[in-house]
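Structure record follows, encoded as structure tokens.
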Amino acid sequence: MSQPVDHLAALREIERRALWLGSWMIHNANHIRAAGEVKVGGHQASSASMATIMTALYFDALKPEDRVAVKPHASPVFHAIQYLAGNLPREKMENFRGFKGTQSYPSRTKDVDDVDFSTGSVGLGVAQTLFSSLAQDYVTAHGWMKGRPEGRMISLIGDAEMDEGNIYEALIEGWKHGLRNTWWVVDYNRQSLDAVVREGLWQRFEQMFASFGWDVVILRHGAIQQAAFAEPGGEALRAWIEACPNQLYSALTFQGGAAWRKRLNDDIGDQGPTSALIARRSDEELAELMGNLGGHDLRVLTQAFAAARTHDRPTLFICYTVKGHGLPLAGHKDNHAGLMTPTQMETLRTRLNVRPGHEWDKWEGARLSAESLQRFVDETPFFAAGRRRLQAPAVPVPQKLEVPAHGGKPISTQMGFGQILNEIARQDSKLAERIVTTAPDVTVSTNLGPWVNRRGLFARQSMADTFKAERIPSTYTWEFSPKGQHLELGIAESNLFLALSAFGLSHSINGERLLPIGTVYDPFILRAADQLNYACYQDARFMLVATPSGITLAPEGGAHQSIATPLVGMAQDGLCAFEPAFVDELAVMMRFGFDYMQRDGEAEPDARSWLRDATGGSVYLRLSTRPLEQPNRAMTPELERDIIDGAYWMRKPGPNAQVVIAYTGTLAPEAIEAVGLLAEDRRDVGLLEITSADRLNAGWSAAQRAREDGLIHARSHVERLLEEVPAHCALITLVDAHPATLGWLGSVVGHRTRALGVEHFGQTGTIADLYRHYGLDAAGILRAAQGISAGRPLRYLRAIG
Ligand SMILES: Cc1ncc(C[n+]2csc(CCOP(=O)(O)OP(=O)(O)O)c2C)c(N)n1
Ligand SMILES: [Mg+2]
């Protein structure tokens with residue numbers, strides 16, 4: 001039996017190896033594998049900055065139930081750590097930033113080594129951990145942890161990342177919900193991408209976080225510095241370090257020991273104890289002393305993390321570091337994208353004892369035996385547990401969602417949404433149990449009220465509704481309890497999407513499936529479009545219900561009109577977008593959505609629709625406040641299928657059709673009216689409802705690709721629909737959004753097309769005013785039809801002159 005290895009000594013070796021491997025990955029990618037090609041990001045300095053902190057976390061502080069968002073540019077060190085732990089093959093290390101290789105920024109979906117949260121767009125991973133902690137609280141409060149320990153949700157943050165506003169929006173929300181179990185660890189290297197950060201920022205952070213109930217732990221000095229401060233004359237050194245401007249500290253770090261000596265002697269040399277303290281050290285020792293900041297000291301870091309384990313308060317660690325610590329480019333303000341030259345790499349090689357040809361050997365150059373180090377790593381609790389992705393069975397979704405009778409009265413899709421959800425809330429079903437709703441201060445105005453009345457608001461501590469207690473009549477009960485199923489958010493839309501991102505990963509992170517539904521005003525999707533993209537990129541599963549939308553919200557005001565969102569719905573990977581006209585369609589879409597959100601199959605396209613439906617994804621429903629007469633019809637399986645595939649004939653065009661009108665959503669009455677008016681002068685007019693431009697378009701692209709690949713019989717839904725339409729027939733497309741949403745329909749078979757929609761927004765008025773103004777009323781449709789279809793002038797247009 002060999003002796004157990006000394007803990008701290010092993011950590012030191014791992015830190016050195018992580019630093020080397022991270023640096024070598026980048027060097028290899030630029031100078032060896034891809035030599036002569038465009039240089040990819042350097043980030044050696046940014047990554048190295050974190051080597052000590054990450055070693056302390058992964059090999060000492062973390063437990064398997066913890067989840068970590070690693071700052072984007074620490075990706076090389078993260079992967080190096082996973083490589084040492086045996087979770088990443090060497091080919092992936094060698095193929096850093098290469099095709100199907102290790103990602104530039106840690107990716108939950110694309111990397112293979114157990115990335116908990118994707119990062120890349122700075123600030124988002126940070127807030128994700130906060131909402132992930134709230135999601136864990138939700139699961140705990142509902143009694144679903146089943147003895148599984150709660151994890152810490154940890155974000156490793158660049159100091160410049162702290163400029164991102166979404167962090168502070170989340171901070172406020174966290175305070176409201178009594179945030180726990182969250183650690184944010186700031187790599188306080190005082191350098192951003194362009195420059196050195198402002199002086200004294202840490203004091204503002206300290207005050208701000210403390211006022212939101214966080215513990216703030218500042219790790220300024222390492223053990224070597226602390227020992228030096230205890231020497232005679234040491235206090236002067238401490239005072240000098242603490243007063244030293246960021247720029248100067250960085251510059252001296254870059255210049256090294258001799259420069260430190262000169263500067264320190266000039267500033268605090270006293271021909272007494274302080275001068276002696278400096279003189280006792282060689283240049284190298286002096287550089288080591290000055291570089292020994294808290295974030296580079298394993299003992300300081302492990303102690304601080306262990307202390308924070310003793311409570312569940314959210315904690316901000318401000319770890320002083322030097323960007324590029326341990327590398328020849330440490331401290332230089334231009335080092336962000338800077339790559340070490342081959343000569344600098346050789347200097348590092350010599351220092352870390354790495355023989356040529358052995359760069360990838362796991363324990364090359366280590367001062368402890370490879371065997372003892374490997375055993376140490378294998379026994380590290382965090383890694384011993386294996387891959388930490390959990391799974392949860394799918395929640396059964398009924399064949400049909402009930403649509404309450406509306407007595408023939410016109411109803412909007414937004415009202416229908418509230419009613420369908422209310423029907424679900426009334427039932428004692430697994431589906432009802434696992435839905436969690438959330439909204440950024442638009443709960444009532446997006447019709448979530450009835451659901452919330454039945455299912456209550458979520459809070460770890462119960463809070464009664466004062467209005468109810470005081471017997472003041474109110475339509476809505478606003479009662480909080482640990483069993484509540486609605487997460488109330490402040491107005492910040494960014495928080496909505498990050499909450500959906502976190503709750504929508506609960507099956508994988510907590511092993512308990514949640515079905516999050518978030519409501520938002522459609523235009524404000526763009527406020528948090530990056531957060532939406534982020535949530536989709538990490539494959540979170542949620543239902544986004546956006547309402548009201550388009551110019552149809554009319555008197556609500558020009559500022560709230562959305563034009564581009566259907567294009568977002570089409571372009572956003574991982575999100576499937578629908579826009580219903582009628583409530584029975586919405587019920588079909590929601591049913592499909594709950595199922596789709598839980599799928600996890602292969603990316604093989606479906607042979608009918610050519611959509612990759614088995615993979616599942618998130619769902620976006622674009623709804624409206626405009627009440628419409630509902631069709632009196634029974635929902636058939638064929639109609640259901642067509643609604644999900646993206647379109648169906650409201651009225652099939654005849655064999656000699658001269659015009660087809662293809663409309664989406666709330667413009668149905670105008671389209672129907674136009675068909676009636678056209679009938680006098682054009683033959684066999686067809687009416688096509690587009691329920692999902694997104695799915696129709698995706699299926700069409702995929703079928704074309706399949707044919708190009710030799711599957712000559714591949715046909716998508718839209719091709720089957722439009723192939724029946726005679727070649728000379730004109731196509732008018734109609735959508736309350738940018739016309740490009742449907743304009744492509746003309747290319748499917750080659751029909752002459754006029755795409756109607758909205759390109760300029762902002763005018764307020766009645767729906768009729770606005771439809772007339774934008775040419776979306778029946779007259780506008782007729783003008784378009786007359787413009788591009790053969791046949792005599794339209795009588796109706798002559799009549800209205
Ligand atoms: C939203 C967003 N904007 C800009 C960038 C480009 N970018 C990447 S890292 C970075 C700042 C780097 O500074 P810091 O966070 O302090 O990390 P360090 O490199 O010092 O470790 C910037 C601006 C980005 N990744 N995401
Ligand atoms: Mg920085």
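One-based numbering, in listed order, for ligands and for the atoms of each. Residue numbers count from 1 along this sequence. Reckoned from all heavy atoms, side chains included, excluding hydrogens, waters and symmetry mates.
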Check: Under 3.5 Å, is there a donor-acceptor pair linking the side chains of Glu242 and His221?
Finding: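 A donor-acceptor contact under 3.5 Å links the two side chains.
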When rounded to the nearest 0.5 Å, the distance separating CZ of Arg152 from CZ of Arg180 is 9.0 Å
Contact set, ligand 1, heavy-atom distance under 4.0 Å, ordered by chain/number, equals Ser46, Lys71, His73, Gly120, Ser121, Val122, Gly158, Asp159, Ala160, Glu161, Glu164, Asp187, Asn189, Gln191, Ser192, Leu193, Lys323, His336
Item checked: Asp159, N/O/S atom nearest the Mg ion (ligand 2) ->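 Restricting Asp159 to its N, O and S atoms, the minimum distance to the Mg ion (ligand 2) goes to OD1.
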When you measure from the centre of the six-membered ring of Tyr83, is the NZ or CZ of Arg90 under 6.0 Å away and within 45° of the axis?
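Here Arg90 fails the 6.0 Å and 45° test against Tyr83.
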Between [X] and [Y], is the gap from one ring center to the other below 6.0 Å?
| X | Y | result |
| --- | --- | --- |
| Tyr105 | His73 | yes |
| Phe59 | Phe382 | no |
| Trp175 | Trp214 | no |

| request: Please state whether the separation between the Mg ion (ligand 2) and some N/O/S atom of Tyr188 is under 2.8 Å? | output: no
### Task
Indicate yes or no: at least one non-hydrogen side-chain atom of Phe317 is less than 4.5 angstrom from one of Leu301.
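With C-beta onward as the side chain, the pair stays apart.
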